[in-house]
S.K.: 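Once you've had a glance at the structure underneath, I'll fire off some questions.
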There are 2 protein chains.
Amino acid sequence: MTDLPLLPLPLAGEPASERSDAARNRAALLCSAQALVAECGVDDVTMDAVAAHAGVGKGTVFRRFGSRAGLMIALLDQNETHWQAQVISGPPPLGPGAPPWERLEAFGLSRLETTMLHADLLRAAGTGPSRSAPAMSFVVQHVQHLLTQLGVTGDVRLLATALMAPLEIGVLDELRTRGIDTERALHGWLDLARRIVAGG
Amino acid sequence: MTDLPLLPLPLAGEPASERSDAARNRAALLCSAQALVAECGVDDVTMDAVAAHAGVGKGTVFRRFGSRAGLMIALLDQNETHWQAQVISGPPPLGPGAPPWERLEAFGLSRLETTMLHADLLRAAGTGPSRSAPAMSFVVQHVQHLLTQLGVTGDVRLLATALMAPLEIGVLDELRTRGIDTERALHGWLDLARRIVAGG
DNA sequence: GTACTAACCGGACCCAAGTCCGTTTCACTC
DNA sequence: GAGTGAAACGGACTTGGGTCCGGTTAGTAC
């Protein structure tokens, strides 16, 4: 997104102490991957190319990230970290300080924009959990928090998950296939949010 | 699912007249693919194996289905056709004859069950439109119809899409990761549906 | 029945993801 | 600062998805 430092995504810290050479290679690989993606597009970046650009062997790439999808998820996590910072301590209405409903509106808009911005990376990250579990957990917890503030009761965790589901890249792609543009999708999402909140 | 005939999935007919040998090979390939999936599991079925089992060349498989994901989608479409028949003309409450709200409840349950039943096939069908466009279109149109009958107004098409989004395999997988079982997911979905309908 | 064309067929071939294992490096101890 | 074990490294190797093009066949016109 912007600069690369920012390291390991501390928001869901596991022990995971890495040896120094391993950490260095991880950083170099992420940096190389980001550069190559920016240059050639996601689909034309091969694992060999990333390894070569970072000056390490291919085995190292797979040791660090497990698979191509894993590498893409790691790239996404970098951006996610920036975005989480905006939500936690950035300016309102996305950050704290605005009334809950306005924060929820801003959150949906921002999430939609972010997803569209990284659409190709998300698609390359594959089916299933295309974002890392901590990243998804953050989103759901924040929405759950806002819904609770808005007086929503019941299985709020599930409602939060359901509310975010239509903003997944797969659903958005499908909407676009049917000629529904982003703005209409956003209005639809706001209507959905309104109904969930109104349901009490 | 059961027998194989049933041919081309006529619910969204395009011209697509196929030469007789091509049609024969398509049927043989689908049959072989289904058999191999049943025998070895989705992940261990290779395109070579399907081609060999059907007695055709590998090129023919890709000519007919475009990709591995395309083959999986075609398999799913077969099942989908059976399921659509249940919705259109099967017994209530899934089929016609029951009040709209009961039909919607039954629809959600049935959809959830179907998705879980073909979970591995859906995952192998990949990201993006993991079901064929006609199949998704049917689902959305039916829900849209039921919501309209229930007095929902606004962008009902989008609301219908949003209501089905939490039942996609990716979301369900993620829920299970967090220890949320299918029954709880269903209750959550019913709550969501209730709120959408109550919103008018 | 023959000629003709467009579509189809097959399987050798290419490319990139992912694995394996002998070698090297780090971090920690004495 | 030498020793040691666990972890990381690298790149050859395997596997399977996807492409290509020369040869074949279905369908049609005469």
Side-chain angles (χ1 to χ4, degrees), chain A residues 7-8 14-33 36-37 39-75 120-121 123-128 130, chain B residues 8 14-33 36-37 39-75 120-128 130:
Chain A
L7 304 182
E14 67 265 29
S17 65
E18 246 171 9
R19 237 169 65 172
S20 66
D21 52 348
R24 201 180 330 122
N25 282 337
R26 150 168 281 134
L29 284 166
L30 282 174
C31 183
S32 294
L36 288 174
V37 164
E39 186 184 340
C40 329
V42 174
D43 293 343
D44 290 340
V45 173
T46 69
M47 299 299 266
D48 289 271
V50 174
H53 189 277
V56 304
K58 189 178 178 180
T60 301
V61 189
F62 282 91
R63 165 174 292 274
R64 283 279 84 74
F65 300 104
S67 66
R68 182 184 157 87
L71 175 60
M72 300 306 172
I73 290 174
L75 282 180
D120 47 0
L121 220 42
R123 282 185 282 258
T127 183
S130 57
Chain B
E14 66 266 29
S17 64
E18 249 169 7
R19 233 171 68 173
S20 65
D21 52 349
R24 201 181 328 123
N25 282 338
R26 151 168 279 134
L29 284 167
L30 283 174
C31 182
S32 293
L36 288 173
V37 165
E39 186 184 341
C40 330
V42 173
D43 294 342
D44 290 340
V45 174
T46 69
M47 298 300 265
D48 289 272
V50 173
H53 189 277
V56 304
K58 189 180 178 179
T60 302
V61 189
F62 282 91
R63 164 175 293 273
R64 283 279 85 73
F65 300 104
S67 67
R68 181 185 157 86
L71 175 59
M72 300 307 173
I73 290 174
L75 282 179
D120 46 0
L121 219 43
L122 283 164
R123 283 186 281 257
T127 181
S130 58

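Numbered from 1 within each chain, the chains take letters A, B, ... in sequence-line order.
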S.K.: Go through D:dG10, C:dC9, C:dT19 for me and flag the one nearest to the B:Arg63 side chain.
M.R.: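 That would be C:dC9.
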S.K.: Compare the minimum distances between each of D:dA8, C:dC9, C:dA16 and the side chain of A:Thr46, then state the nucleotide with the smallest one.
M.R.: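 Minimum distance to the A:Thr46 side chain belongs to C:dA16.
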S.K.: Check the distance between C:dC15's P and B:Met47's CE and give it to me in whole angstrom.
M.R.: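 To the nearest whole Å, that distance equals 20 Å.
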S.K.: Which heavy atom of A:Ala124 sits nearest a heavy atom of A:Arg68, and at what distance?
M.R.: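 A:Ala124 and A:Arg68 have their closest heavy atoms at CB-NH2, 4.4 Å.
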S.K.: Taking all non-hydrogen atoms of both residues into account, name the closest pair between A:Ala69 and A:Ala125 and its distance.
M.R.: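 Nearest heavy atoms, A:Ala69 then A:Ala125: CB-O, 3.5 Å.
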S.K.: From the list C:dG10, C:dC8, C:dA17, which nucleotide is the closest neighbour of the side chain of B:Ala22?
M.R.: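 Taking heavy atoms from C-beta onward, the closest nucleotide is C:dC8.
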S.K.: What is the distance from CZ of B:Phe65 to P of D:dT19, rounded to the nearest Å?
M.R.: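 Result: 16 Å.
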S.K.: Are A:Val50 and A:Val45 close enough that some pair of their side-chain heavy atoms sits under 4.5 Å apart?
M.R.: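 Yes - at least one pair of side-chain heavy atoms lies under 4.5 Å apart.
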S.K.: Please lay out, stage by stage, how A:Leu71 and A:Leu30 fare under the test side-chain contact (heavy atoms from CB on, under 4.5 Å).
M.R.: CA-CA 8 Å; A:Leu71 175 60; A:Leu30 282 174; 4.3 Å; yes
S.K.: Kindly point out which of C:dC9, C:dG18, D:dA8 is positioned nearest to the side chain of A:Arg19?
M.R.: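 When the side chain of A:Arg19 is considered, D:dA8 is the closest of C:dC9, C:dG18, D:dA8.
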S.K.: Quick one: A:Phe62 CZ to D:dT14 P, roughly how many Å, whole number?
M.R.: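 Spelled out: CZ on A:Phe62 to P on D:dT14 is 17 Å.
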S.K.: Check the phosphate of C:dC8 against B:Arg24, side-chain N and O only, distance under 4.0 Å to OP1 or OP2. Yes or no?
M.R.: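 No, B:Arg24 has no side-chain N/O under 4.0 Å of OP1/OP2 on C:dC8.
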S.K.: Can you give me the closest heavy-atom contact between A:Ala54 and A:Leu29, atom names plus distance?
M.R.: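 In terms of heavy atoms, the two residues are closest at CB-CD2, 3.6 Å.
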S.K.: Between A:Met72 (CE) and C:dA17 (P), how many Å, whole number?
M.R.: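 Those two atoms, CE and P, are 8 Å apart.
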S.K.: Tell me: CG of B:Leu29 to P of C:dC9, nearest whole Å?
M.R.: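 Interatomic distance, CG of B:Leu29 to P of C:dC9: 9 Å.
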S.K.: How far apart are the closest heavy atoms of B:His53 and B:Ser32, and which atoms are they?
M.R.: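 Taking every non-hydrogen atom into account, ND1-OG, 2.8 Å.
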S.K.: Using a cut-off of strictly less than 4.0 Å, decide whether A:Asn25 has a side-chain nitrogen or oxygen near OP1 or OP2 of D:dA8.
M.R.: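 So the side-chain polar atoms of A:Asn25 never come under 4.0 Å of the phosphate oxygens OP1 or OP2 of D:dA8.
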S.K.: Select one nucleotide: of D:dG17, C:dC8, D:dC9, the one nearest the side-chain heavy atoms of B:Lys58.
M.R.: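 So the nucleotide nearest the side chain must be D:dG17.
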S.K.: Could you say whether B:Gly66 or A:Arg64 is positioned toward the 5' end of DNA chain D, judged by the nucleotide with the nearest heavy atom to each?
M.R.: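 First, find each residue's nearest nucleotide; the 5'-ward one identifies A:Arg64.
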S.K.: Between D:dG18, C:dC26, C:dC9, spot the one nearest the side chain of B:Arg68, thanks.
M.R.: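 Minimum distance to the B:Arg68 side chain belongs to D:dG18.
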S.K.: Quick test: give all pairs of protein nitrogen or oxygen and nucleotides 28-30 of chain C nitrogen or oxygen below 3.5 Å, distance rounded to 0.1 Å.
M.R.:
none

S.K.: Closer to the 5' end of DNA chain C via nearest nucleotide, is it A:Ser20 or A:Asp48?
M.R.: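 Checking each residue's closest nucleotide, the 5'-ward one belongs to A:Asp48.
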S.K.: Quick one: which of D:dG18, C:dG18, C:dC8 gets closest to the side chain of A:Ser67?
M.R.: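 Selected nucleotide (nearest to the side chain): C:dG18.
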